[in-house]
Amino acid sequence: MASVKLPDGSIKEFEDSVTVKKVAKSIGSRLAKDAMWGEIDGQPVKLDHLIEGDAPVNLKIITRKDVAALATMRHSCAHVMARAVMRLKPNVQLAFGPTIDGGFYYDIESPDDPIKEDDFPAIEAEMQKIVDLDEPFERLERSRDDSIQICQDLQQPLKVEHIEEGLADETSLSFYQQGEFLDLCRGPHVPSPKSIGAFKLLSIAGAYWKGDENRQQLQRLYATAFFDKKALDEHLERIEEAKKRDHRVLNKRLAFYHIDEDVGQGLILWTPRGAFIRQKLQDFISEHLARQGYEQVFTPQIGKLDLYRTSGHFPYYQDSQYPPIVMRDQLNLLAEEGCSCSELANKMKDGEIDGYMLRPMNCPHHIKIYGSQQRSYRDLPIRFCEFGTVYRWEQSGEIGGLTRVRGFTQDDAHLFCTEDQLAEEVKGCLELVEIVLGAMGLDDYRVRVGLRDPDSGKYVGEAENWDRAEQACRDAAASLGRDFSEEPGEAAFYGPKIDFVVRDCIGREWQLGTVQVDYNLPVRFDLNYIGADNQPHRPVMIHRAPFGSMERFIGVLIEHFAGAFPLWLNPEQGRVLTVSEKSEAYGREVQAKFKKAGLRITSDFRSEKLGAKIREAQIEMTPYMFVVGPRDAENGTVSVRDRLDGDQGAMSIDEAIAKLQQEVADRVVRVKHKSDVSLVGDRVDNEY
RNA sequence: GCUGCUGUAGCUCAGUGGUAGAGCGCGUCCUUGGUAAGGACGAGGUCAUGGGUUCAAGUCCCAUCAGCAGCUCCA
């Protein structure tokens with residue numbers, strides 16, 4: 001007699017004891033085929049596990065389609081990987097080895113013989129041996145004290161430290177044993193390593209112990225695993241495909257920007273083609289700025305140190321700014337006095353000597369324009385906008401492509417308003433962000449409300465102001481009608497913010513648009529307006545940038561469109577291709593007509609075969625090709641080829657022009673790619 | 001900034017310590033063609049930079065610079 005209770009609540013009874021596999025078979029042959037293992041009361045069991053007794057057991061049949069099953073299997077594979085490394089290298093110490101979105105990793109310290117990429121084949125071979133041994137994963141429960149003793153006996157000091165520090169509240173801990181390998185682990189694990197189908201080591205990198213840069217650095221071994229080889233191969237293929245969409249890779253062909261060592265790391269030189277896109281985007285948003293009552297200002301890219309002492313930028317963020325510019329006379333004087341560099345730094349910090357700084361933000365300049373006149377409540381809200389270029393000293397290891405740079409242009413604006421106007425103004429800002437994202441078809445983003453970290457001292461201003469500002473951000477985010485997350489520690493130093501975060505081609509997240517509420521800088525700069533009561537009042541500030549930075553936005557766009565920009569943004573909208581040189585004169589005539597109509601049309605009149613010209617135009621992301629041959633010359637037509645939909649047949653030149661003009665006017669977005677691969681990602685909760 | 005990897009022709013990459021290579025692209029010529037690669041010939045290099053080891057360094061060692069992946073950071 002055996003009885004099982006299935007997840008849907010139904011109870012199945014069997015005359016005799018029964019294996020999990022047989023239960024699955026009794027439900028359906030498909031389920032029996034797909035079944036990987038079972039779960040009794042949440043604990044994994046093998047398919048040949050025997051169920052017996054009168055009392056019904058809670059059974060779940062796990063199949064490869066189960067998302068949690070994949071995570072469980074990958075975590076077991078992480079144990080196999082760690083075990084393999086320990087077999088191959090001496091004195092290996094283990095840290096954490098969780099599952100992540102695209103696979104798993106294990107943080108390992110191998111002080112005597114660090115892991116190198118060359119070791120991967122040997123590790124993979126050893127892993128396969130372990131899988132083939134087919135030793136079960138067995139769970140052991142131990143008290144805290146016993147657990148510490150076990151880890152000490154295993155010579156795993158990191159585990160001991162973690163139990164003592166990180167797991168101080170746990171009274172009982174679990175281990176998983178497989179053969180000689182024993183590891184502190186929450187689980188669950190697959191019942192048999194046979195479920196581990198295909199795996200591959202991907203990369204190795206440094207990772208700080210417990211994510212703390214002041215602690216030792218371990219080696220993080222990234223890998224992935226799937227239930228079968230085909231799924232693994234498909235995953236690796238998707239990663240390769242995604243990497244081809246990387247804006248840095250595509251830019252080699254598109255030539256939108258150039259970074260030159262001689263100019264500096266992280267400093268973008270826009271080519272005419274890239275500058276064109278940037279200008280189009282600026283024009284686009286400028287229409288909406290005008291509609292929303294913004295006023296354009298222009299301000300310089302440097303300012304005096306004192307300005308940034310007042311704002312708080314210089315004292316709080318010295319390390320992430322370009323060093324200050326000291327005036328020549330002052331420098332000479334200090335040199336004569338034998339002033340040391342550290343003395344110079346201190347004098348600058350203390351305000352004893354002045355200088356200039358490349359601006360890390362535009363707000364102080366805009367604030368000074370606000371403060372340059374007396375303002376009445378009747379003037380508010382005041383909205384100053386500027387495509388302002390700022391400079392920040394990002395750490396060298398962080399810089400790359402267009403997404404993380406040292407000089408960038410924000411589509412910045414600062415709004416000064418009364419407390420009563422705040423909600424409405426924030427709403428207008430959010431609308432603007434949604435307009436730009438919507439226009440690009442960028443709908444795969446998440447909203448993050450960045451709050452202050454109560455334990456950090458990096459913020460300026462009073463708690464009361466922060467509370468008000470944070471509540472305003474929460475309310476505004478809620479009004480978007482979308483899920484949003486609240487994240488302490490993500491605020492700007494002067495106030496909380498609402499960020500729009502998108503993913504790049506390999507799953508990394510980037511902040512684009514941002515709206516920030518600020519009660520603090522108006523205090524620091526002593527801004528005011530005269531209210532209806534004839535008394536001075538403090539305005540509230542909003543900092544906002546719908547694109548975020550032009551550099552990062554365009555970087556993300558290149559990947560979003562896979563290089564194929566919509567017609568209205570594309571520096572090359574079409575190309576005239578001659579069938580042979582005999583049609584060159586007509587080709588020139590056609591090109592001239594398109595140009596006269598305001599379209600950006602290039603030509604390919606070389607003595608190449610048509611197929612070759614088309615192939616090149618396709619690869620170079622030309623949206624439309626206009627093929628002209630003797631037939632077209634005779635009929636006054638062009639044969640239109642759409643890059644996406646292929647040959648559209650002949651049409652008159654005017655028709656073709658009208659077609660393109662309409663597509664431009666409608667700002668049609670025709671292609672978009674979703675980020676469906678992830679090399680990094682969130683940890684699954686299967687490690688302590 | 002930290003750990004690891006990488007740097008050779010415009011691009012993608014081969015290259016045992018012994019005279020620098022391929023494919024694509026580029027140029028010239030032939031070819032004159034109707035929707036994703038026609039053919040021939042040719043040019044193109046301080047092997048990232050600076051030191052070192054060696055009879056001899058693209059190759060081995062050190063440093064610097066830059067790129068890539070991750071970690072940390074991102075006002």
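Protein chains get the first letters and strands the later ones, always in sequence-line order, with residue 1 at the start of each.
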Does A:Lys89 have more than 12 heavy atoms from other residues, nucleotides or ligands lying within 6.0 Å of its NZ?
yes
Between A:Lys244 and B:rU12, is there a contact of a side-chain N or O with OP1 or OP2 at under 4.0 Å?
no
Which is true for A:Gln321 with a 4.0 Å heavy-atom rule: it touches a base, it touches only sugar-phosphate, or it touches nothing?
base
Measure from CD on A:Glu109 to P on B:rC71 and round the result to the nearest Å.
18 Å
Counting only side-chain nitrogens and oxygens, does A:Arg508 get under 4.0 Å of the OP1 or OP2 atom of B:rG70?
yes
Write down the distance separating the C1' atoms in B:rU49 and B:rG58, rounded off to the nearest Å.
14 Å
At 4.0 Å (heavy atoms only), tell me whether A:Pro630 reaches a base, stays on the sugar-phosphate, or touches nothing.
base
Show the distances under 3.5 angstrom between N or O atoms of the protein and N or O atoms of nucleotides 29-32 of chain B.
{"residue": "B:rU31", "atom": "O4", "partner": "A:Ser607", "partner atom": "OG", "Å": "3.1"}
{"residue": "B:rU32", "atom": "O2'", "partner": "A:Lys582", "partner atom": "NZ", "Å": "3.0"}
{"residue": "B:rU32", "atom": "O2", "partner": "A:Glu581", "partner atom": "N", "Å": "2.8"}
{"residue": "B:rU32", "atom": "N3", "partner": "A:Glu581", "partner atom": "OE1", "Å": "3.2"}
{"residue": "B:rU32", "atom": "O4", "partner": "A:Glu581", "partner atom": "OE1", "Å": "2.7"}

Mind checking what makes side chain to side chain contact (heavy atoms under 4.5 Å, CB included) contact with A:Asp306, not counting sequence neighbours?
A:Arg309, A:Asp354
Can you check the A:Asn635 CG to B:rG34 P distance for me, whole Å?
17 Å
Touch check for A:Ala491, heavy atoms < 4.0 angstrom, all strands: base, sugar-phosphate only, or nothing?
sugar-phosphate
Using atom P of each nucleotide, how far apart are B:rA36 and B:rU46 to the nearest Å?
40 Å
Using the closest heavy atom to pick a nucleotide of RNA chain B for each, name whichever of A:Gly646 or A:Lys609 lands nearer the 5' end.
A:Gly646
Taking the six-membered ring where the residue is Trp, are the ring centres of A:Phe314 and A:Tyr308 under 6.0 Å apart?
no
Rounded distance in Å between the C1' positions of B:rU8 and B:rA22
12 Å
A:Thr224: side chain to side chain contact (heavy atoms under 4.5 Å, CB included) partners, not counting sequence neighbours:
A:Arg74, A:Leu202, A:Phe226, A:Leu232, A:His235
Mutual orientation of the aromatic rings belonging to A:His162 and A:Phe96 [parallel < 30°, tilted 30-60°, perpendicular > 60°]:
perpendicular
Under 4.0 Å, counting only non-hydrogen atoms across every strand here, what does A:Asp319 touch: a base, just sugar-phosphate, or nothing?
nothing
Verify the contact: side-chain N or O of A:Lys252 to OP1 or OP2 of B:rU12, cut-off strictly under 4.0 Å; return yes or no.
yes
Which whole number of Å gives the distance between the P atom of B:rC47 and that of B:rG70?
32 Å
Run the salt-bridge test on A:Asp246 and A:Lys252 with the 4.0 Å N-O cut-off and return the result as yes or no.
no
Check whether any side-chain N or O of A:Asn635 sits under 3.5 Å from a backbone N or O of A:Arg631 as a donor-acceptor pair, and report yes or no.
yes
Remember a base hit wins even if backbone is also touched, and classify A:Leu221 as base, sugar-phosphate or nothing at under 4.0 Å, heavy atoms.
nothing
Presence of donor-acceptor pair under 3.5 Å, side chain of A:Arg253 and base of B:rC11
no
So, using salt bridge (Lys or Arg N to Asp or Glu O under 4.0 Å) as the criterion, who are the partners of A:Arg468 when residues are at least two apart?
A:Glu419
So does A:Asp504 get a backbone contact from the side chain of A:Glu509, meaning a donor-acceptor N/O pair under 3.5 Å?
no
Inter-nucleotide P distance (B:rA75, B:rU16), Å rounded:
47 Å
Decide yes or no on side-chain contact (heavy atoms from CB on, under 4.5 Å) for A:Leu358 and A:Val390, but give the supporting numbers first.
CA-CA 7 Å; A:Leu358 281 172; A:Val390 298; over 6 Å; no
Have a look at A:Arg220 and say if it touches a base, only the backbone sugar-phosphate, or nothing, with a 4.0 Å heavy-atom cut-off.
sugar-phosphate
For B:rA20 versus B:rA57, give the span between their C1' atoms, rounded off to a whole number of Å.
14 Å
I'd like to know if A:Ser639 reaches the base of B:rG34 with its side chain such that a donor and an acceptor end up less than 3.5 angstrom apart.
yes
Remember a base hit wins even if backbone is also touched, and classify A:Gly312 as base, sugar-phosphate or nothing at under 4.0 Å, heavy atoms.
nothing
Contacts satisfying ring pair (Phe, Tyr, Trp, His ring centres under 6.0 Å) that involve residues 609-644 of chain A (not counting sequence neighbours) are A:Phe594-A:Phe626
Is A:Tyr317 touching bases, backbone alone, or none of the nucleic acid, heavy atoms closer than 4.0 Å?
base
Enumerate, atom names and distances included, each donor-acceptor pair closer than 3.5 Å involving a side-chain atom of residues 264-272 of chain A, sequence neighbours excluded.
{"residue": "A:Thr271", "atom": "OG1", "partner": "A:Ala255", "partner atom": "O", "Å": "2.6"}
{"residue": "A:Thr271", "atom": "OG1", "partner": "A:Phe256", "partner atom": "O", "Å": "2.9"}
{"residue": "A:Thr271", "atom": "OG1", "partner": "A:Gly274", "partner atom": "N", "Å": "3.4"}

Return the value, rounded to whole Å, for the distance between atom CD of A:Gln516 and atom P of B:rC74.
14 Å
Can you see if the side chain of A:Arg404 gets near the phosphate of B:rC74 - specifically, an N or O under 4.0 Å from OP1 or OP2?
no
Any A:Lys497 side-chain nitrogen or oxygen under 4.0 Å from OP1 or OP2 of B:rA75:
yes
Expected rows: protein N/O vs nucleotides 2-5 of chain B N/O, under 3.5 Å:
{"residue": "B:rC2", "atom": "O2'", "partner": "A:Gln217", "partner atom": "OE1", "Å": "2.2"}
{"residue": "B:rC2", "atom": "O2'", "partner": "A:Gln217", "partner atom": "NE2", "Å": "3.4"}
{"residue": "B:rC2", "atom": "O2", "partner": "A:Gln217", "partner atom": "NE2", "Å": "2.8"}
{"residue": "B:rU3", "atom": "O4'", "partner": "A:Gln217", "partner atom": "OE1", "Å": "2.5"}
{"residue": "B:rU3", "atom": "O2", "partner": "A:Gly206", "partner atom": "N", "Å": "3.1"}

Please name the pair of heavy atoms, one in A:Pro90 and one in A:Ser110, separated by the smallest distance, quoted to 0.1 Å.
O-OG, 4.3 Å
With sequence neighbours left out, the residues meeting side chain to side chain contact (heavy atoms under 4.5 Å, CB included) with A:Ser583 are A:Thr578, A:Pro630
Polar-atom pairs under 3.5 Å, protein N or O versus N or O of nucleotides 22-27 of chain B: list them with distances, or write none.
none

Can you list the residues that meet the salt bridge (Lys or Arg N to Asp or Glu O under 4.0 Å) rule with A:Lys613, with sequence neighbours excluded?
none
Please pick, from B:rG67, B:rC73, B:rG70, the nucleotide with the shortest atom-to-atom distance to any side-chain atom of A:Gln265.
B:rG67
Ignoring hydrogens and geometry beyond distance, is the side chain of A:Asp632 in donor-acceptor contact with the base of B:rG34 at under 3.5 Å?
yes
Can you list every stem that RNA chain B is part of, counting only runs of 3 or more consecutive Watson-Crick or G-U wobble pairs with both distances under 3.5 Å?
B:1-7 with B:65-71, B:10-13 with B:21-24, B:26-30 with B:38-42, B:48-52 with B:60-64
For A:Glu620 and B:rA36, give me the distance from atom CD to atom P, rounded to whole Å.
16 Å
Listed once per pair and sorted, the ring pair (Phe, Tyr, Trp, His ring centres under 6.0 Å) pairs that draw on residues 488-520 of chain A, sequence neighbours left out
A:His313-A:Phe493, A:Tyr317-A:Phe493, A:Tyr445-A:Phe500, A:Tyr494-A:His543
Rounded distance in Å between the P positions of B:rA37 and B:rC41
22 Å
Between P of B:rA75 and NE2 of A:His313, the distance in whole Å
11 Å
Taking the C1' atom of each, how far is B:rC65 from B:rA48, in whole Å?
8 Å
